[in-house]
Amino acid sequence: MSALSVQTLSKTYANGFTALTGVDLEVEAGDFFALLGPNGAGKSTLIGIVTSLVRKSSGRVQIFGHDLDDEPEAARASIGVVPQEFNFNLFLPVIEVVLNQAGYFGVPRQEARSRAELLLRKLDLWERRHTEMRLLSGGMKRRLMIARALIHRPRLVILDEPTAGVDIEIRHAMWGFMREINAEGTTIILTTHYLEEAESLCRHLAIIDQGRIQARSDIATLLGELHTETFVLNLKAPAEALPPLPGFVLEPIDASTLEVQVSREQTINGLFEALSRHGIEVTSLRNKQNRLEKLFLDRVEARREAAA
Amino acid sequence: MSQPAKQQATLGAANRWRRYGIAFATLVNKEVTRFSRIWVQTILPSAITTTLYFVIFGRLIGDRIGPMGGLAYIDFIVPGLVLMAVIINAYSNVVSSFYSSKFSRYIEELLVSPVPNWVILAGYVAGGVARGVTVGIVVIIVAAFFTEFRLHDLSVTLLILLLTAVLFALGGFINAVYANSFDDISIVPTFVLAPLTYLGGVFYSIDLLPQPWQTLSLVNPILYMINAFRYGLLGVTDIPLGIAFLITIAFILALGYYSLSLLRRGVGIKQ
(Lines give C-alpha, C1' and ligand atoms only; values in the text may rest on other atoms or scores of the structure.)
Protein backbone atom coordinates (compact mmCIF):
# COMPACT_ATOMS: atom_id res chain seq x y z
CA MET A 1 0.00 0.00 0.00
CA SER A 2 1.20 3.51 -0.76
CA ALA A 3 1.75 5.76 2.22
CA LEU A 4 1.96 8.66 -0.18
CA SER A 5 0.74 8.82 -3.74
CA VAL A 6 1.30 11.99 -5.74
CA GLN A 7 -0.04 12.25 -9.27
CA THR A 8 0.73 14.94 -11.85
CA LEU A 9 1.17 17.51 -9.14
CA SER A 10 1.88 21.04 -10.30
CA LYS A 11 2.24 24.31 -8.50
CA THR A 12 2.58 27.80 -9.89
CA TYR A 13 2.77 30.58 -7.32
CA ALA A 14 0.91 33.87 -7.59
CA ASN A 15 4.08 35.58 -8.85
CA GLY A 16 4.15 33.19 -11.82
CA PHE A 17 6.98 31.00 -10.55
CA THR A 18 6.38 27.33 -11.34
CA ALA A 19 7.75 25.24 -8.49
CA LEU A 20 6.39 21.82 -9.52
CA THR A 21 5.59 20.44 -12.94
CA GLY A 22 3.63 17.19 -13.19
CA VAL A 23 5.27 15.44 -10.25
CA ASP A 24 4.45 11.75 -9.79
CA LEU A 25 5.71 10.01 -6.66
CA GLU A 26 4.84 6.86 -4.75
CA VAL A 27 6.18 6.06 -1.31
CA GLU A 28 5.37 2.61 0.03
CA ALA A 29 4.05 2.13 3.55
CA GLY A 30 6.87 1.36 5.99
CA ASP A 31 9.57 2.83 3.77
CA PHE A 32 12.33 5.18 4.89
CA PHE A 33 12.40 7.47 1.89
CA ALA A 34 14.78 10.30 1.02
CA LEU A 35 13.64 13.25 -1.03
CA LEU A 36 16.75 14.97 -2.29
CA GLY A 37 17.26 18.04 -4.37
CA PRO A 38 19.23 21.26 -4.51
CA ASN A 39 17.88 24.44 -2.94
CA GLY A 40 14.89 25.73 -4.86
CA ALA A 41 14.26 22.34 -6.49
CA GLY A 42 10.66 22.11 -5.28
CA LYS A 43 11.08 19.89 -2.18
CA SER A 44 9.51 22.33 0.24
CA THR A 45 6.63 23.08 -2.13
CA LEU A 46 5.95 19.36 -2.51
CA ILE A 47 6.03 18.85 1.25
CA GLY A 48 3.94 21.99 1.75
CA ILE A 49 1.20 20.64 -0.53
CA VAL A 50 1.25 17.19 1.05
CA THR A 51 0.94 18.73 4.53
CA SER A 52 -1.80 21.20 3.50
CA LEU A 53 0.34 24.29 3.96
CA VAL A 54 0.52 25.14 0.26
CA ARG A 55 -2.35 25.03 -2.23
CA LYS A 56 -1.69 22.95 -5.32
CA SER A 57 -2.43 24.23 -8.82
CA SER A 58 -3.37 20.79 -10.14
CA GLY A 59 -2.85 17.09 -9.53
CA ARG A 60 -3.83 14.69 -6.76
CA VAL A 61 -2.34 13.72 -3.43
CA GLN A 62 -3.36 10.66 -1.45
CA ILE A 63 -2.15 9.67 1.98
CA PHE A 64 -2.77 6.01 2.80
CA GLY A 65 -5.51 6.10 0.18
CA HIS A 66 -7.19 9.22 1.58
CA ASP A 67 -7.43 11.92 -1.05
CA LEU A 68 -6.36 15.31 0.27
CA ASP A 69 -9.27 16.99 -1.55
CA ASP A 70 -12.01 14.47 -0.81
CA GLU A 71 -11.02 13.32 2.69
CA PRO A 72 -8.78 16.07 4.01
CA GLU A 73 -9.31 15.24 7.67
CA ALA A 74 -8.47 11.54 7.32
CA ALA A 75 -5.48 12.41 5.15
CA ARG A 76 -4.13 15.00 7.59
CA ALA A 77 -4.73 12.75 10.60
CA SER A 78 -2.26 10.28 9.08
CA ILE A 79 0.62 12.75 8.74
CA GLY A 80 3.11 14.25 11.14
CA VAL A 81 5.47 16.90 9.90
CA VAL A 82 8.76 18.26 11.18
CA PRO A 83 9.24 21.49 9.26
CA GLN A 84 12.53 22.96 8.20
CA GLU A 85 12.02 26.24 10.04
CA PHE A 86 11.01 26.65 13.66
CA ASN A 87 7.30 27.41 13.89
CA PHE A 88 6.55 27.70 17.57
CA ASN A 89 4.85 30.10 19.89
CA LEU A 90 8.05 31.08 21.63
CA PHE A 91 6.27 32.02 24.84
CA LEU A 92 4.67 28.64 25.44
CA PRO A 93 6.24 26.01 27.67
CA VAL A 94 7.45 22.85 25.95
CA ILE A 95 4.70 20.65 27.36
CA GLU A 96 1.94 22.97 26.14
CA VAL A 97 3.29 22.95 22.59
CA VAL A 98 3.02 19.18 22.51
CA LEU A 99 -0.34 18.99 24.31
CA ASN A 100 -1.91 21.62 22.06
CA GLN A 101 -0.83 19.71 18.99
CA ALA A 102 -2.33 16.54 20.44
CA GLY A 103 -5.56 18.44 21.06
CA TYR A 104 -5.75 19.65 17.46
CA PHE A 105 -5.58 16.00 16.40
CA GLY A 106 -8.35 15.07 18.82
CA VAL A 107 -6.21 13.22 21.36
CA PRO A 108 -7.90 13.47 24.78
CA ARG A 109 -5.91 15.50 27.32
CA GLN A 110 -5.12 12.66 29.69
CA GLU A 111 -3.96 10.38 26.90
CA ALA A 112 -1.96 13.28 25.44
CA ARG A 113 -0.18 13.79 28.76
CA SER A 114 1.03 10.20 28.94
CA ARG A 115 2.11 10.24 25.29
CA ALA A 116 3.89 13.57 25.80
CA GLU A 117 5.81 12.23 28.78
CA LEU A 118 6.89 9.18 26.80
CA LEU A 119 8.07 11.22 23.82
CA LEU A 120 9.72 13.99 25.79
CA ARG A 121 11.62 11.46 27.92
CA LYS A 122 12.77 9.63 24.77
CA LEU A 123 13.93 12.85 23.21
CA ASP A 124 15.59 14.00 26.42
CA LEU A 125 13.28 16.98 26.90
CA TRP A 126 11.18 15.90 29.87
CA GLU A 127 13.25 17.89 32.37
CA ARG A 128 12.64 20.97 30.20
CA ARG A 129 8.89 20.50 29.91
CA HIS A 130 8.07 23.70 31.78
CA THR A 131 10.70 25.79 29.95
CA GLU A 132 9.46 28.39 27.51
CA MET A 133 10.34 27.67 23.91
CA ARG A 134 12.42 30.81 23.49
CA LEU A 135 14.84 29.52 26.14
CA LEU A 136 15.60 26.24 24.38
CA SER A 137 18.73 25.60 22.33
CA GLY A 138 18.45 24.94 18.58
CA GLY A 139 18.96 21.20 19.08
CA MET A 140 16.24 21.06 21.71
CA LYS A 141 13.82 22.89 19.43
CA ARG A 142 14.57 20.40 16.64
CA ARG A 143 13.86 17.48 18.98
CA LEU A 144 10.69 19.13 20.22
CA MET A 145 9.48 19.46 16.64
CA ILE A 146 9.87 15.69 16.33
CA ALA A 147 7.92 15.12 19.56
CA ARG A 148 5.19 17.47 18.33
CA ALA A 149 4.99 15.67 14.99
CA LEU A 150 4.63 12.26 16.64
CA ILE A 151 2.18 13.05 19.45
CA HIS A 152 -0.86 11.92 17.44
CA ARG A 153 0.95 8.75 16.29
CA PRO A 154 0.92 9.45 12.56
CA ARG A 155 1.51 6.63 10.09
CA LEU A 156 3.55 8.91 7.84
CA VAL A 157 6.15 11.33 9.19
CA ILE A 158 7.73 13.94 6.96
CA LEU A 159 11.04 15.28 8.24
CA ASP A 160 12.20 18.36 6.38
CA GLU A 161 15.88 18.77 7.21
CA PRO A 162 15.43 17.61 10.79
CA THR A 163 19.10 17.69 11.72
CA ALA A 164 20.03 21.06 10.20
CA GLY A 165 22.28 22.93 12.61
CA VAL A 166 22.34 20.08 15.13
CA ASP A 167 25.61 18.89 16.66
CA ILE A 168 26.96 15.44 15.81
CA GLU A 169 25.99 13.76 19.08
CA ILE A 170 22.39 14.91 18.90
CA ARG A 171 22.25 14.14 15.20
CA HIS A 172 23.24 10.53 15.82
CA ALA A 173 20.72 10.25 18.66
CA MET A 174 18.05 11.60 16.29
CA TRP A 175 19.06 9.08 13.62
CA GLY A 176 18.66 6.31 16.17
CA PHE A 177 15.22 7.58 17.09
CA MET A 178 14.14 7.83 13.43
CA ARG A 179 15.32 4.26 12.79
CA GLU A 180 13.37 3.13 15.82
CA ILE A 181 10.06 4.66 14.77
CA ASN A 182 10.56 3.39 11.22
CA ALA A 183 11.25 -0.12 12.57
CA GLU A 184 7.94 0.13 14.45
CA GLY A 185 6.14 0.64 11.14
CA THR A 186 6.00 4.40 10.64
CA THR A 187 6.72 5.51 7.09
CA ILE A 188 9.32 8.27 6.99
CA ILE A 189 10.05 10.76 4.24
CA LEU A 190 13.25 12.67 4.86
CA THR A 191 14.72 15.64 3.10
CA THR A 192 18.26 16.50 3.96
CA HIS A 193 21.36 18.17 2.65
CA TYR A 194 23.52 15.71 4.60
CA LEU A 195 23.63 12.95 2.03
CA GLU A 196 25.43 10.57 4.35
CA GLU A 197 22.30 10.88 6.47
CA ALA A 198 20.13 9.74 3.56
CA GLU A 199 22.58 6.97 2.65
CA SER A 200 22.73 5.74 6.19
CA LEU A 201 19.00 5.86 6.96
CA CYS A 202 16.96 5.50 3.81
CA ARG A 203 16.05 2.57 1.57
CA HIS A 204 14.59 4.51 -1.38
CA LEU A 205 15.07 7.97 -2.72
CA ALA A 206 13.86 10.45 -5.26
CA ILE A 207 15.87 13.32 -6.65
CA ILE A 208 13.84 16.39 -7.47
CA ASP A 209 15.17 19.31 -9.43
CA GLN A 210 13.57 22.20 -11.25
CA GLY A 211 10.16 21.02 -10.14
CA ARG A 212 10.41 17.51 -11.60
CA ILE A 213 11.33 14.12 -10.23
CA GLN A 214 14.64 13.36 -11.94
CA ALA A 215 15.33 9.94 -10.44
CA ARG A 216 13.56 7.47 -8.20
CA SER A 217 15.33 4.35 -7.07
CA ASP A 218 16.39 2.24 -4.13
CA ILE A 219 19.63 3.49 -2.69
CA ALA A 220 21.59 0.26 -3.21
CA THR A 221 20.79 0.24 -6.95
CA LEU A 222 21.65 3.89 -7.29
CA LEU A 223 24.98 3.50 -5.53
CA GLY A 224 25.72 0.58 -7.85
CA GLU A 225 25.67 3.06 -10.71
CA LEU A 226 28.81 4.75 -9.41
CA HIS A 227 31.56 4.12 -11.96
CA THR A 228 34.44 5.22 -9.78
CA GLU A 229 34.99 6.02 -6.15
CA THR A 230 37.78 8.21 -4.87
CA PHE A 231 39.48 7.22 -1.62
CA VAL A 232 41.89 9.19 0.51
CA LEU A 233 44.62 6.99 2.02
CA ASN A 234 46.79 7.92 5.00
CA LEU A 235 50.18 6.27 4.72
CA LYS A 236 52.21 4.89 7.60
CA ALA A 237 55.44 6.43 6.25
CA PRO A 238 55.90 9.22 3.71
CA ALA A 239 56.21 7.88 0.17
CA GLU A 240 59.08 9.56 -1.66
CA ALA A 241 57.94 8.60 -5.14
CA LEU A 242 54.68 7.08 -6.21
CA PRO A 243 55.07 3.74 -7.91
CA PRO A 244 53.03 3.03 -11.03
CA LEU A 245 49.90 1.04 -10.09
CA PRO A 246 48.33 -0.25 -13.30
CA GLY A 247 44.59 0.44 -13.48
CA PHE A 248 44.52 2.83 -10.52
CA VAL A 249 44.72 6.62 -10.79
CA LEU A 250 46.91 7.97 -7.99
CA GLU A 251 47.37 11.54 -6.94
CA PRO A 252 49.51 12.61 -3.99
CA ILE A 253 48.01 15.18 -1.61
CA ASP A 254 51.14 15.37 0.49
CA ALA A 255 53.97 12.96 1.35
CA SER A 256 51.76 10.89 3.67
CA THR A 257 48.37 11.27 1.98
CA LEU A 258 47.27 9.78 -1.27
CA GLU A 259 44.13 10.05 -3.38
CA VAL A 260 43.19 6.99 -5.41
CA GLN A 261 40.39 6.46 -7.91
CA VAL A 262 39.00 2.93 -7.89
CA SER A 263 36.72 1.90 -10.73
CA ARG A 264 33.78 -0.45 -10.38
CA GLU A 265 35.73 -3.27 -12.01
CA GLN A 266 38.52 -3.03 -9.44
CA THR A 267 38.64 -3.92 -5.74
CA ILE A 268 40.10 -2.32 -2.65
CA ASN A 269 41.90 -5.62 -2.01
CA GLY A 270 43.64 -5.24 -5.34
CA LEU A 271 44.68 -1.72 -4.46
CA PHE A 272 46.13 -2.81 -1.12
CA GLU A 273 47.99 -5.73 -2.70
CA ALA A 274 49.55 -3.40 -5.28
CA LEU A 275 50.55 -0.91 -2.58
CA SER A 276 52.00 -3.69 -0.38
CA ARG A 277 54.15 -4.92 -3.26
CA HIS A 278 55.82 -1.51 -3.23
CA GLY A 279 56.21 -1.52 0.56
CA ILE A 280 53.59 1.14 1.13
CA GLU A 281 51.50 0.62 4.26
CA VAL A 282 48.13 2.29 4.77
CA THR A 283 46.94 3.26 8.24
CA SER A 284 43.45 4.48 7.31
CA LEU A 285 41.21 5.28 4.37
CA ARG A 286 38.03 7.23 3.78
CA ASN A 287 35.79 8.20 0.88
CA LYS A 288 36.85 11.53 -0.53
CA GLN A 289 33.20 12.34 -1.07
CA ASN A 290 30.06 10.70 0.22
CA ARG A 291 28.95 8.23 -2.45
CA LEU A 292 25.39 9.46 -2.59
CA GLU A 293 26.64 13.02 -2.69
CA LYS A 294 28.75 12.21 -5.73
CA LEU A 295 25.85 10.53 -7.49
CA PHE A 296 23.55 13.37 -6.62
CA LEU A 297 25.94 16.00 -7.94
CA ASP A 298 26.64 13.97 -11.08
CA ARG A 299 22.92 13.67 -11.79
CA VAL A 300 22.09 17.29 -11.18
CA GLU A 301 25.08 18.48 -13.17
CA ALA A 302 24.43 16.12 -16.10
CA ARG A 303 20.86 17.21 -16.38
CA ARG A 304 21.73 20.90 -16.20
CA GLU A 305 24.28 20.43 -18.95
CA ALA A 306 21.66 18.62 -21.03
CA ALA A 307 19.18 21.42 -20.42
CA ALA A 308 21.76 24.01 -21.46
CA MET B 1 4.39 2.31 15.98
CA SER B 2 2.49 -0.66 17.32
CA GLN B 3 -0.56 -1.98 15.47
CA PRO B 4 -3.08 -0.91 18.15
CA ALA B 5 -1.59 2.57 18.11
CA LYS B 6 -2.01 2.74 14.35
CA GLN B 7 -5.58 1.64 14.66
CA GLN B 8 -6.16 4.28 17.28
CA ALA B 9 -4.83 6.96 14.96
CA THR B 10 -7.16 5.80 12.21
CA LEU B 11 -10.13 5.34 14.50
CA GLY B 12 -9.88 9.02 15.49
CA ALA B 13 -11.96 9.75 12.41
CA ALA B 14 -14.75 7.50 13.69
CA ASN B 15 -15.53 9.83 16.54
CA ARG B 16 -15.48 13.03 14.59
CA TRP B 17 -17.53 15.21 16.91
CA ARG B 18 -15.52 14.20 19.93
CA ARG B 19 -12.36 15.10 18.01
CA TYR B 20 -13.85 18.48 17.07
CA GLY B 21 -14.78 19.06 20.70
CA ILE B 22 -11.24 18.30 21.89
CA ALA B 23 -9.73 20.56 19.23
CA PHE B 24 -12.15 23.38 20.11
CA ALA B 25 -11.44 23.02 23.84
CA THR B 26 -7.71 23.04 23.11
CA LEU B 27 -8.00 26.25 21.13
CA VAL B 28 -10.14 27.96 23.75
CA ASN B 29 -7.83 26.82 26.53
CA LYS B 30 -4.83 28.14 24.60
CA GLU B 31 -6.51 31.49 24.04
CA VAL B 32 -7.73 31.91 27.62
CA THR B 33 -4.33 30.89 28.98
CA ARG B 34 -2.69 33.42 26.68
CA PHE B 35 -4.69 36.45 27.78
CA SER B 36 -4.71 35.34 31.42
CA ARG B 37 -0.92 34.96 31.45
CA ILE B 38 -0.47 38.54 30.25
CA TRP B 39 -3.39 39.99 32.26
CA VAL B 40 -1.48 43.21 32.91
CA GLN B 41 -1.61 43.91 29.17
CA THR B 42 -5.03 42.41 28.47
CA ILE B 43 -7.33 42.89 31.47
CA LEU B 44 -5.88 45.70 33.56
CA PRO B 45 -5.79 48.53 30.97
CA SER B 46 -9.57 48.48 30.49
CA ALA B 47 -10.09 48.56 34.25
CA ILE B 48 -7.84 51.62 34.56
CA THR B 49 -9.32 53.41 31.54
CA THR B 50 -12.90 52.92 32.66
CA THR B 51 -12.05 53.99 36.21
CA LEU B 52 -10.76 57.24 34.70
CA TYR B 53 -13.93 57.59 32.61
CA PHE B 54 -16.08 57.12 35.71
CA VAL B 55 -14.04 59.59 37.73
CA ILE B 56 -13.81 62.27 35.04
CA PHE B 57 -17.05 61.92 33.03
CA GLY B 58 -19.15 60.31 35.72
CA ARG B 59 -18.20 62.21 38.83
CA LEU B 60 -16.36 65.41 37.92
CA ILE B 61 -18.14 66.44 34.70
CA GLY B 62 -21.22 64.22 34.95
CA ASP B 63 -22.60 66.00 38.00
CA ARG B 64 -22.68 69.24 35.98
CA ILE B 65 -24.22 67.66 32.88
CA GLY B 66 -27.40 66.60 34.59
CA PRO B 67 -29.68 63.67 33.68
CA MET B 68 -29.39 61.88 30.31
CA GLY B 69 -32.24 59.77 28.94
CA GLY B 70 -33.99 60.18 32.25
CA LEU B 71 -31.01 58.78 34.19
CA ALA B 72 -28.15 60.21 36.22
CA TYR B 73 -25.29 60.76 33.76
CA ILE B 74 -22.96 58.29 35.47
CA ASP B 75 -25.67 55.61 35.29
CA PHE B 76 -26.27 56.43 31.64
CA ILE B 77 -22.62 55.87 30.60
CA VAL B 78 -22.11 52.56 32.44
CA PRO B 79 -23.59 50.28 29.70
CA GLY B 80 -21.68 52.05 26.93
CA LEU B 81 -18.39 51.83 28.79
CA VAL B 82 -18.89 48.15 29.54
CA LEU B 83 -19.75 47.36 25.94
CA MET B 84 -16.90 49.52 24.64
CA ALA B 85 -14.48 47.44 26.72
CA VAL B 86 -16.09 44.22 25.44
CA ILE B 87 -15.83 45.38 21.81
CA ILE B 88 -12.19 46.46 22.04
CA ASN B 89 -11.05 43.38 23.96
CA ALA B 90 -12.91 40.79 21.89
CA TYR B 91 -11.48 42.38 18.76
CA SER B 92 -7.94 42.84 20.10
CA ASN B 93 -7.68 39.32 21.44
CA VAL B 94 -8.39 37.66 18.13
CA VAL B 95 -6.50 40.10 15.94
CA SER B 96 -3.32 39.92 18.01
CA SER B 97 -3.46 36.19 18.71
CA PHE B 98 -4.23 35.11 15.15
CA TYR B 99 -1.78 37.56 13.61
CA SER B 100 0.98 36.41 16.00
CA SER B 101 0.31 32.82 14.97
CA LYS B 102 0.72 33.87 11.34
CA PHE B 103 3.80 35.98 12.02
CA SER B 104 5.61 33.25 13.99
CA ARG B 105 4.18 30.57 11.71
CA TYR B 106 2.73 28.43 14.49
CA ILE B 107 -0.60 28.70 12.67
CA GLU B 108 0.94 25.77 10.74
CA GLU B 109 0.32 23.59 13.81
CA LEU B 110 -3.38 24.01 13.07
CA LEU B 111 -3.20 23.92 9.30
CA VAL B 112 -1.49 20.52 9.21
CA SER B 113 -4.02 19.07 11.63
CA PRO B 114 -7.46 17.67 10.77
CA VAL B 115 -9.26 20.59 12.47
CA PRO B 116 -11.95 21.94 10.11
CA ASN B 117 -12.00 25.64 9.37
CA TRP B 118 -15.18 26.31 11.30
CA VAL B 119 -13.63 24.84 14.46
CA ILE B 120 -10.55 27.04 14.01
CA LEU B 121 -12.78 30.08 13.63
CA ALA B 122 -15.01 29.07 16.54
CA GLY B 123 -11.98 28.52 18.78
CA TYR B 124 -10.48 31.95 18.11
CA VAL B 125 -13.87 33.67 18.38
CA ALA B 126 -14.57 31.91 21.68
CA GLY B 127 -11.19 33.12 22.96
CA GLY B 128 -12.11 36.67 21.97
CA VAL B 129 -15.53 36.36 23.60
CA ALA B 130 -13.93 35.00 26.78
CA ARG B 131 -11.63 38.01 27.04
CA GLY B 132 -14.35 40.48 26.08
CA VAL B 133 -16.75 39.11 28.68
CA THR B 134 -14.02 38.87 31.33
CA VAL B 135 -13.10 42.51 30.82
CA GLY B 136 -16.80 43.45 30.70
CA ILE B 137 -17.28 41.88 34.12
CA VAL B 138 -14.21 43.72 35.45
CA VAL B 139 -15.63 47.00 34.18
CA ILE B 140 -19.01 46.26 35.82
CA ILE B 141 -17.19 45.62 39.09
CA VAL B 142 -15.34 48.95 38.70
CA ALA B 143 -18.65 50.68 37.93
CA ALA B 144 -20.13 49.27 41.14
CA PHE B 145 -17.67 51.45 43.07
CA PHE B 146 -19.12 54.58 41.49
CA THR B 147 -22.80 53.82 41.10
CA GLU B 148 -25.42 51.30 42.10
CA PHE B 149 -25.43 48.28 39.79
CA ARG B 150 -28.78 47.80 38.06
CA LEU B 151 -30.03 44.93 35.95
CA HIS B 152 -33.31 45.44 34.10
CA ASP B 153 -33.36 42.31 31.90
CA LEU B 154 -30.76 39.57 32.41
CA SER B 155 -31.44 37.67 29.18
CA VAL B 156 -31.22 40.76 26.96
CA THR B 157 -28.06 41.86 28.78
CA LEU B 158 -26.29 38.50 28.40
CA LEU B 159 -27.47 37.92 24.84
CA ILE B 160 -26.36 41.29 23.48
CA LEU B 161 -23.11 41.05 25.44
CA LEU B 162 -22.28 37.69 23.86
CA LEU B 163 -23.47 38.64 20.38
CA THR B 164 -21.45 41.85 20.43
CA ALA B 165 -18.34 39.99 21.59
CA VAL B 166 -18.84 37.37 18.84
CA LEU B 167 -19.28 40.05 16.19
CA PHE B 168 -16.13 41.96 17.08
CA ALA B 169 -14.11 38.80 17.58
CA LEU B 170 -15.03 37.95 13.98
CA GLY B 171 -13.97 41.44 12.95
CA GLY B 172 -10.63 40.91 14.66
CA PHE B 173 -10.21 37.63 12.84
CA ILE B 174 -10.75 39.20 9.42
CA ASN B 175 -8.34 42.02 10.29
CA ALA B 176 -5.71 39.45 11.32
CA VAL B 177 -6.11 37.47 8.09
CA TYR B 178 -5.38 40.55 6.00
CA ALA B 179 -2.71 42.04 8.28
CA ASN B 180 0.84 41.92 6.99
CA SER B 181 2.49 43.71 9.90
CA PHE B 182 1.83 44.55 13.52
CA ASP B 183 0.93 48.08 12.38
CA ASP B 184 -1.94 46.63 10.37
CA ILE B 185 -3.59 45.20 13.47
CA SER B 186 -3.90 48.58 15.14
CA ILE B 187 -5.29 50.53 12.17
CA VAL B 188 -8.88 49.30 12.40
CA PRO B 189 -9.19 49.69 16.20
CA THR B 190 -7.79 53.22 16.01
CA PHE B 191 -9.46 54.55 12.90
CA VAL B 192 -12.69 52.57 12.76
CA LEU B 193 -13.63 50.99 16.07
CA ALA B 194 -12.82 53.87 18.39
CA PRO B 195 -14.72 56.53 16.36
CA LEU B 196 -17.72 54.25 15.83
CA THR B 197 -17.82 53.40 19.52
CA TYR B 198 -17.53 57.00 20.71
CA LEU B 199 -20.16 58.06 18.17
CA GLY B 200 -22.32 55.06 19.05
CA GLY B 201 -23.97 56.71 22.01
CA VAL B 202 -21.66 55.70 24.83
CA PHE B 203 -21.69 59.17 26.33
CA TYR B 204 -24.91 60.64 24.95
CA SER B 205 -28.40 59.87 23.76
CA ILE B 206 -28.79 60.41 20.02
CA ASP B 207 -31.89 62.47 20.81
CA LEU B 208 -29.44 65.23 21.65
CA LEU B 209 -28.01 65.30 18.15
CA PRO B 210 -29.32 67.72 15.54
CA GLN B 211 -30.26 66.47 12.09
CA PRO B 212 -28.69 65.09 9.92
CA TRP B 213 -26.35 63.62 12.61
CA GLN B 214 -29.17 61.87 14.39
CA THR B 215 -30.16 60.00 11.22
CA LEU B 216 -26.54 59.41 10.23
CA SER B 217 -25.91 57.80 13.63
CA LEU B 218 -28.37 55.09 12.68
CA VAL B 219 -25.91 53.63 10.16
CA ASN B 220 -23.49 52.95 13.00
CA PRO B 221 -24.07 49.32 14.10
CA ILE B 222 -22.46 49.89 17.47
CA LEU B 223 -25.26 52.32 18.36
CA TYR B 224 -27.76 49.45 18.26
CA MET B 225 -25.67 47.21 20.47
CA ILE B 226 -25.00 49.88 23.07
CA ASN B 227 -28.67 50.78 23.20
CA ALA B 228 -29.77 47.17 23.52
CA PHE B 229 -27.24 46.65 26.30
CA ARG B 230 -28.40 49.85 27.99
CA TYR B 231 -31.92 48.51 27.84
CA GLY B 232 -30.76 45.25 29.42
CA LEU B 233 -29.11 47.04 32.32
CA LEU B 234 -31.22 50.17 32.75
CA GLY B 235 -34.43 49.65 30.78
CA VAL B 236 -33.94 52.64 28.43
CA THR B 237 -33.05 52.66 24.75
CA ASP B 238 -33.07 55.07 21.81
CA ILE B 239 -33.93 52.36 19.27
CA PRO B 240 -36.23 49.31 19.08
CA LEU B 241 -34.68 46.19 20.63
CA GLY B 242 -35.71 43.87 17.79
CA ILE B 243 -33.82 45.93 15.23
CA ALA B 244 -30.72 45.89 17.44
CA PHE B 245 -30.72 42.09 17.60
CA LEU B 246 -31.55 41.77 13.91
CA ILE B 247 -28.68 44.01 12.87
CA THR B 248 -26.20 42.36 15.25
CA ILE B 249 -27.10 38.85 14.10
CA ALA B 250 -27.04 39.90 10.43
CA PHE B 251 -23.52 41.28 10.86
CA ILE B 252 -22.42 38.12 12.67
CA LEU B 253 -23.71 35.93 9.86
CA ALA B 254 -22.08 38.10 7.19
CA LEU B 255 -18.69 38.30 8.92
CA GLY B 256 -18.80 34.64 9.92
CA TYR B 257 -19.47 33.57 6.35
CA TYR B 258 -16.72 35.85 5.06
CA SER B 259 -14.24 34.58 7.67
CA LEU B 260 -14.90 30.99 6.66
CA SER B 261 -14.45 31.83 3.00
CA LEU B 262 -11.09 33.44 3.84
CA LEU B 263 -10.01 30.30 5.67
CA ARG B 264 -11.26 28.05 2.89
CA ARG B 265 -9.28 30.01 0.31
CA GLY B 266 -6.26 30.17 2.61
CA VAL B 267 -6.04 33.95 2.26
CA GLY B 268 -3.06 35.26 4.21
CA ILE B 269 -2.11 31.84 5.53
CA LYS B 270 -1.47 29.56 2.57
CA GLN B 271 0.55 30.23 -0.54
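Here is how names work: the chains are called A, B, and so on, in the same order as the sequence lines, proteins then strands, and each is numbered from 1.
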Among B:V112, B:I269, B:L110, residue most engaged with chain A (heavy-atom pairs, under 4.5 Å): B:V112

Atom group of B:R37 that falls short of 4.5 Å from chain A, counting heavy atoms: side chain

Atom group of A:I79 that falls short of 4.5 Å from chain B, counting heavy atoms: neither

For B:F103, all residues meeting side chain to side chain contact (heavy atoms under 4.5 Å, CB included), sequence neighbours excluded: B:Y99, B:F182

Sorted by number, residues from residues 115-128 of chain B in contact with chain A (heavy atoms, under 4.5 Å): B:V115, B:P116

Donor-acceptor under 3.5 Å (A:K43 side chain, A:L35 main chain): no

N-O pairing of A:E117 and A:R129 below 4.0 Å: no

All pairs passing salt bridge (charged side-chain N to carboxylate O under 4.0 Å, His left out) where residues 130-139 of chain A contributes a residue, at least two apart: A:E132-A:R134

A:V81 versus chain B, the contacting section by heavy-atom distance below 4.5 Å: side chain

salt_bridge(B:R131, B:E31) N-O dist < 4.0 Å: no

Chain B contact via A:Y104 - side chain, backbone, both or neither, heavy atoms under 4.5 Å: both

Pairs of heavy atoms under 4.5 Å with chain A: top-ranked of B:K270, B:R265, B:E109, B:R18: B:E109

A:F91 portion near chain B, given a 4.5 angstrom heavy-atom threshold: backbone

Check: B:A25 main-chain N/O paired with B:N29 side-chain donor or acceptor under 3.5 Å: no

Which portion of A:E96 sits near chain B, non-hydrogen atoms under 4.5 angstrom: side chain

Contacting region of B:S101 [heavy-atom separation from chain A under 4.5 Å]: neither

Residues A:R212 and A:D24 bridged, charged N to O under 4.0 Å: no

Stacked cation flag B:K102 on B:F98, 6.0 angstrom / 45 deg: no

Residue A:T51 versus chain B: region with a heavy atom under 4.5 Å: both

Donor-acceptor contact below 3.5 Å, side chain B:S96 vs main chain B:S92: yes

Exam field: side chain A:S5 to backbone A:S2, donor-acceptor pair closer than 3.5 Å: no

Under the side chain to side chain contact (heavy atoms under 4.5 Å, CB included) test, residues paired with B:I43 that sit two or more places apart: B:F35, B:W39, B:T134, B:V135, B:V138

Best-contacting candidate, A:K11, A:E85, A:R76, against chain B by heavy atom pairs under 4.5 angstrom: A:R76

